[in-house]
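Because only heavy atoms are used, hydrogens play no part in the values below, and waters and symmetry mates are left out as well, while side chains stay in.
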Amino acid sequence: MLLALATLGGCWRPDPYVPPEAPVEPAADERTEEPPAPDAAEPEVEGTPPEDTPDPEDIPVGDPEDVPSDEGPAFPAYPARTVQAPVTIVDDYGKPLAVLSKTGVALEVRGEEPIRTRVWCASCAPPAEGWLQPHLLKRE
């Protein structure tokens with residue numbers, strides 16, 4: 001009986017793991033492709049810029065402020081006051097920067113988005129720039 005128990009619960013060893021062979025890639029010098037031949041119609045001239053480089057005469061010269069930017073016009077800041085209390089000014093990630101416990105706190109609106117308004121609070125300690133919901137403000 002002891003022999004039967006030893007056989008059933010005995011040491012069982014699986015076959016050893018043999019990793020599959022990795023495919024062999026040819027070395028860099030064993031390439032079978034030939035490099036493309038240069039086009040005989042267009043001789044290469046050293047010192048000429050590529051075709052997609054703008055012509056130096058087309059680049060505007062002057063102050064960087066005179067060059068038109070891709071951004072829209074600057075937002076015209078305007079004064080506003082809070083209409084209820086308490087109001088929390090938050091940063092871009094929702095972390096509270098300041099809590100305004102009074103109504104009628106003067107703020108400067110520096111930007112507007114559909115669901116939030118960027119404000120500057122100079123009377124906060126320390127001064128804070130962050131976001132509020134637009135319905136919490138009244139334009140002066």
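- The shortest side-chain heavy-atom distance between C124 and L100 falls under the 4.5 Å cut-off.
- When all heavy atoms are compared, the tightest approach of L97 to A128 is CB-CB, 4.3 Å.
- Between D92 and W131 the shortest side-chain heavy-atom distance falls below 4.5 Å.
- For V83, the side chain to side chain contact (heavy atoms under 4.5 Å, CB included) partners two or more places apart in sequence, or in a different chain, are K138.
- Taking the side chain as every heavy atom from C-beta outward, L132 and V109 never approach each other to under 4.5 Å.
- Side-chain contact between R116 and Q133 is absent, with no heavy-atom pair separated by less than 4.5 Å.
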Would V99 and V87 satisfy side chain to side chain contact (heavy atoms under 4.5 Å, CB included), going step by step from the backbone distance to the final call? CA-CA 6 Å; V99 177; V87 174; over 6 Å; no
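- E112 places none of its side-chain heavy atoms less than 4.5 Å from the side chain of R118.
- Counting heavy atoms from C-beta on, the side chains of S123 and V105 come closer than 4.5 Å.
- Residues L136 and Q84 meet the side-chain proximity criterion, which asks for heavy atoms closer than 4.5 Å.
- Of all the heavy atoms in P114 and P134, the pair that sits closest is O-CG, 4.2 Å.
- In this structure, T82 contributes its side chain and L137 its backbone to no donor-acceptor pair below 3.5 Å.
- Residues R139 and Y78 are in side-chain contact: their nearest non-hydrogen atoms beyond the backbone lie under 4.5 Å apart.
- Here the closest heavy-atom approach between residue T117 and residue G111 is recorded as CG2-O, 3.3 Å.
- Both tests do not hold together for R110 against F75: distance to the six-membered ring centre under 6.0 Å, angle to the ring axis within 45°.
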